[in-house]
Each structure stands twice: as C-alpha cells, then as structure tokens.
Amino acid sequence: MARSSLPEYGITHAVRTCTSRVMLAHVMNSVISTKARAVAAWLADRGREPRNALIIGTYLTGAGIANRLIGKCPVTVLDVHPHLNCLLHPGVSFTTSLEEVTGRTWDFVIDTSGIGGISPEDIHRLPRCRTFVTEDPASDGSDTMIRQVRQCWERAGSILAEEKGILRTGGLAAKTSGTMTLSMGVLRHAMAAAHRQEGVLYCTAPMEFSERILFGDRDPARFFESLERPALTVSSLTDVDCDALVWGTLERLKSYVAGVRGGDMLEGNDIVQKCGGNHPLGSVVGGRSGWFYRPGRR
C-alpha cells in the first residue's frame, strides 16, 4: 500500500502541502477489483468456473474484468468503440460486431455496458449460456431518472441462461455504479474527510474530464497520463495522511451479485471481498496500475 509523500511547505513554513502517493489510476483499479471480486465470489459459490467468456462493454469495468479473466479462459470483448481495445490485455479478443458474438456459443456472459448500452433485444439474440451477469448501473444514491433508464432487469430477462445475476455496487451514495463515477465519488469523500480535520485549509483532487480525452480526442496515451496523478493533495498546518483518507474511503465500497430467478432478485449474502487470490477471475493482469495496457500493443 502506498504511503503519503513527505509534505512540501507553502508560501511560509507554517503551511504545508501533503500529497498522496495513491494515484487516480490506483483508485479506479481498486473500484474495478471490488466489482471483479464480487463476480468471482458469486461464480465460485455456484461452482461455475468460466470456460469461454463474453464481456459486453469495455470502459472501464469490462476491461478490468477481461484482463483478470484472460488467465483462466478465452475471453472476447464486444464494444462499439474500436479504439478501446487499448485497455485490454493482448490475449483478449476484441470485436465491434454483434453478429460475430451472436453466432458463437458462450459459457459465461457479463454485460457491463451500463446506461445507454446494449439493448435487451440484442441481448436476446445471444445463444443460451450457462451463466449471465449484468451490471446494475444505478448505485445507492441514484435519482429517479437514472433508475428509470437502467435496463438491467430487461437485459436479464431477455437471455436464456441456466443462472443469472445482477451486479450491484454502493457505499458512497453515488448516482451510478460506473467506475469513473465511483472514482470521482471516492475523491470527493476523501476531500471532505480531509477538510474535517483540524488545521486543513483546502484540498484538491484530479477531476479533469478524462472521458473526453478517450472518447472525444481518442487519445489513449494522454488518457493514461491523466490517471497517473495523485488522488489527493491537502494544504494544512499539520501533516495529513492522504493515502489513509483515500484507502479508507475505498473500503466503504461494497459489491455483490444478486441472483435472479423467475424475475425475482435473490439478495443472498453480501459476498464482496470474501474471495481470495485463487478465484475464477484470476489475479490482476495489466500495466503499472494493474488494469490497463498502454497504446502500441496492437
């Protein structure tokens, strides 16, 4: 675990600047890992080790799960944005063709496409699979409009599968369960926790709109660079353990997969983070921060 760097002094030696060694990329990777462990634990609890996996949606949860799963079985990712293959391990197959994936047989299918993602009609075109999981894009702070546009129930009901589940993530009262949304939530809560401490003047965090870099400018290299920035910086009269504030906030995140049977959700036990290192999704594979691969691999 990273530890906060030594403080720098400001205009005078009365004020110091404390900066975390935890980067934004580490925060995002931790969010993804929380979700991946929940899926892994749910699969392991049912004795369903994936043999051939299809992941729908790359950014960012889909890429993280794909990169963990590739060591266990063949993995294919479906996404409408071809340049997002830069997020994937070279061993992951990538396609933008729905026809290609509907014409093949899959053992395990997980949908991470979220709000505005794949339609229930297109999910219905997939052949019967053993296990299907779809991510609920709403989180524990979602408003009415967001809850109304999520289609996780419709997607779960449109595919033939022996077992189905819905992945849920909460703990920060965020409006969606998207990895970027939750990562920004972690930064906001960490800043609020820092500001409550005696002697703290103000806090900053990297909240640049990185999605524009990746989807608007289509510049993966600059996107990755934008993630390699300290997650928290605090101006204070005393030392502040910025890393502890960030990691403490991340520990509040909880993910679990709720089983779906006959249209009803079976909450079951909260299984997040109960799965050890040897699980169906394997160990973390990836770049410096654990989950992505830098451009130039393909």
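Since this is a predicted model, take the numbers as computed values, not measurements. Below, each value reflects all heavy atoms present in this structure, side chains not excepted, and no hydrogens, waters or symmetry copies.
- Hydrophobic cluster membership of Ile115, counting Ile, Leu, Val, Met, Phe, Trp and Tyr whose side-chain heavy atoms lie under 4.5 Å apart directly or via other members: Ile146, Val149.
- Taking hydrophobic clusters as Ile, Leu, Val, Met, Phe, Trp and Tyr residues chained together by side-chain heavy-atom distances below 4.5 Å, Val234 shares a cluster with Met207.
- Put simply, CG on Leu87 and CG on Leu60 are 6.5 Å apart, with the number rounded to the nearest 0.5 Å.
- Among Val75, Thr76, Ile55, Asp79, the single residue meeting the side chain to side chain contact (heavy atoms under 4.5 Å, CB included) criterion with Phe94 is Asp79.
- One finds no salt bridge joining Glu8 and Arg16 here, because no Lys/Arg side-chain nitrogen approaches an Asp/Glu carboxylate oxygen to under 4.0 Å.
- Both Leu237 and Tyr202 belong to a common hydrophobic cluster when Ile, Leu, Val, Met, Phe, Trp and Tyr are linked at side-chain heavy-atom distances under 4.5 angstrom.
- Shown here are the side-chain hydrogen bond (donor to acceptor under 3.5 Å, both in side chains) partners of Ser158, two or more places apart in sequence or in another chain: there are none.
- Members clustered with Ile56: Leu54, Leu78, Leu98, Val101, Trp106, Val109, Ile118, Ile123, Leu126, Phe132, Ile159, by chain and number, using a 4.5 Å side-chain heavy-atom cutoff among hydrophobic residues.
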(request) Apply the test side-chain contact (heavy atoms from CB on, under 4.5 Å) to residues Phe224 and Glu228: give CA-CA distance (whole Å), side-chain angles for both, the deciding distance (0.1 Å), then the verdict. (result) CA-CA 7 Å; Phe224 294 142; Glu228 296 294 341; 5.9 Å; no

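- Among pairs with a residue in residues 143-160, those fulfilling salt bridge (Lys or Arg N to Asp or Glu O under 4.0 Å) read Asp111-Arg155, Asp136-Arg150, Asp143-Lys175, at least two apart in sequence or across chains.
- Listed for the His189 side chain is no donor-acceptor partner under 3.5 Å among the backbone atoms of Val186.
- Arg68 and Ser33 share a side-chain donor-acceptor pair at under 3.5 Å.
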(request) Please lay out, stage by stage, how Trp247 and Val27 fare under the test side-chain contact (heavy atoms from CB on, under 4.5 Å). (result) CA-CA 8 Å; Trp247 290 120; Val27 173; over 6 Å; no

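- Of all the heavy atoms in Thr112 and Gly57, the pair that sits closest is OG1-O, 3.1 Å.
- You'll find the side chain of Ser139 stays beyond 4.5 Å of the side chain of Leu172, heavy atoms only.
- Residue Asp243 holds its CG atom at 6.0 Å from CG of Asp241, rounded to the nearest 0.5 Å.
- To the nearest 0.5 Å, atom CD of residue Glu251 and atom OG1 of residue Thr34 are 10.0 Å apart.
- Defined by atom type and a distance below 3.5 Å, a donor-acceptor pair is present between the side-chain atoms of Thr169 and Ser255.
- Note on Met191 and Val15: separate hydrophobic clusters, where clusters join Ile, Leu, Val, Met, Phe, Trp and Tyr whose side-chain heavy atoms are under 4.5 Å apart, directly or indirectly.
- Shown here are the side-chain hydrogen bond (donor to acceptor under 3.5 Å, both in side chains) partners of Gln197, two or more places apart in sequence or in another chain: there are none.
- In this structure, the side-chain hydrogen bond (donor to acceptor under 3.5 Å, both in side chains) partners of Thr181, at least two apart in sequence or on a different chain, are Thr176.
- Listed by first and then second residue, the salt bridge (Lys or Arg N to Asp or Glu O under 4.0 Å) pairs involving residues 84-99 are Glu99-Arg125 (not counting sequence neighbours).
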Extract all donor-acceptor atom pairs below 3.5 Å that involve side chains of residues 211-218 and protein atoms in other chains or at least two apart in sequence.
unit_1, atom_1, unit_2, atom_2, d
Glu211, OE2, Tyr59, OH, 3.2
Asp217, OD2, Arg222, NH2, 2.5

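- Across all their heavy atoms, Pro230 and Pro206 have their closest contact at O-CD, 3.0 Å.
- We find the CG-OG distance between Leu250 and Ser30 to be 4.0 Å, quoted to the nearest 0.5 Å.
- In this structure, Pro50 and Asp107 approach most closely via the heavy-atom pair CA-OD2, 3.4 Å.
- Residues Ile166 and Tyr256 are not in side-chain contact: their nearest non-hydrogen atoms beyond the backbone lie 4.5 Å or more apart.
- The minimum heavy-atom distance linking Ala193 with Leu245 is given by the pair CB-CD2, 4.0 Å.
- Side-chain N or O atoms of Ser226 include none that pairs as donor or acceptor with a backbone N or O of Ser210 at under 3.5 Å.
- Remark: Thr249 engages no residue in a side-chain hydrogen bond (donor to acceptor under 3.5 Å, both in side chains) (not counting sequence neighbours).
- For the pair Cys152 and Glu135, the tightest heavy-atom approach, listed with the atom from each and the gap, is CB-O, 4.0 Å.
- Side chain to side chain, Glu100 and Thr95 meet the donor-acceptor criterion of an N or O pair below 3.5 Å.
- For residues 177-198, the set of pairs meeting the salt bridge (Lys or Arg N to Asp or Glu O under 4.0 Å) definition, not counting sequence neighbours, is empty.
- Without hydrogens or angle criteria, Lys164 side chain to Val260 main chain gives no donor-acceptor distance under 3.5 Å.
- Ile110 and Leu160 are members of different hydrophobic clusters when ILVMFWY side chains are connected at heavy-atom separations under 4.5 Å.
- Looking only at side-chain heavy atoms (C-beta outward), Cys86 and Phe223 stay at 4.5 Å or farther from each other.
- Side chain of Asn29 to backbone of Ala25: no donor-acceptor contact under 3.5 angstrom is found.
- The environment of His124 atom NE2 is sparse: at most 12 non-hydrogen atoms of other residues, nucleotides or ligands sit within 6.0 angstrom.
- Without hydrogens or angle criteria, Ser20 side chain to Leu232 main chain gives a donor-acceptor distance under 3.5 Å.
- Put simply, the side chain of Leu227 reaches to within 4.5 Å of the side chain of Met28, judged on heavy atoms.
- With 3.5 Å as the limit, one finds no donor-acceptor pair spanning the side chains of Thr17 and Ser235.
- Partners of Arg229 under the salt bridge (charged side-chain N to carboxylate O under 4.0 Å, His left out) rule, at least two apart in sequence or in another chain, are Glu208.
- Counting heavy atoms from C-beta outward, Leu88 and Val77 have side chains that approach closer than 4.5 Å.
- Between Arg51 and Lys72 the shortest side-chain heavy-atom distance does not fall below 4.5 Å.
- Here the closest heavy-atom approach between residue Ala173 and residue Asp140 is recorded as N-OD1, 3.1 Å.
- Residues Asn52 and Cys73 fail the side-chain proximity criterion, which asks for heavy atoms closer than 4.5 Å.
- Here the side chain of His89 pairs no donor or acceptor atom with the backbone of Ile70 at under 3.5 angstrom.
- Salt-bridge formation is detected for the pair Arg48/Glu163: a Lys NZ or Arg NE/NH1/NH2 atom is positioned less than 4.0 Å from an Asp or Glu carboxylate oxygen.
- Counting heavy atoms from C-beta on, the side chains of Lys35 and Leu182 come closer than 4.5 Å.
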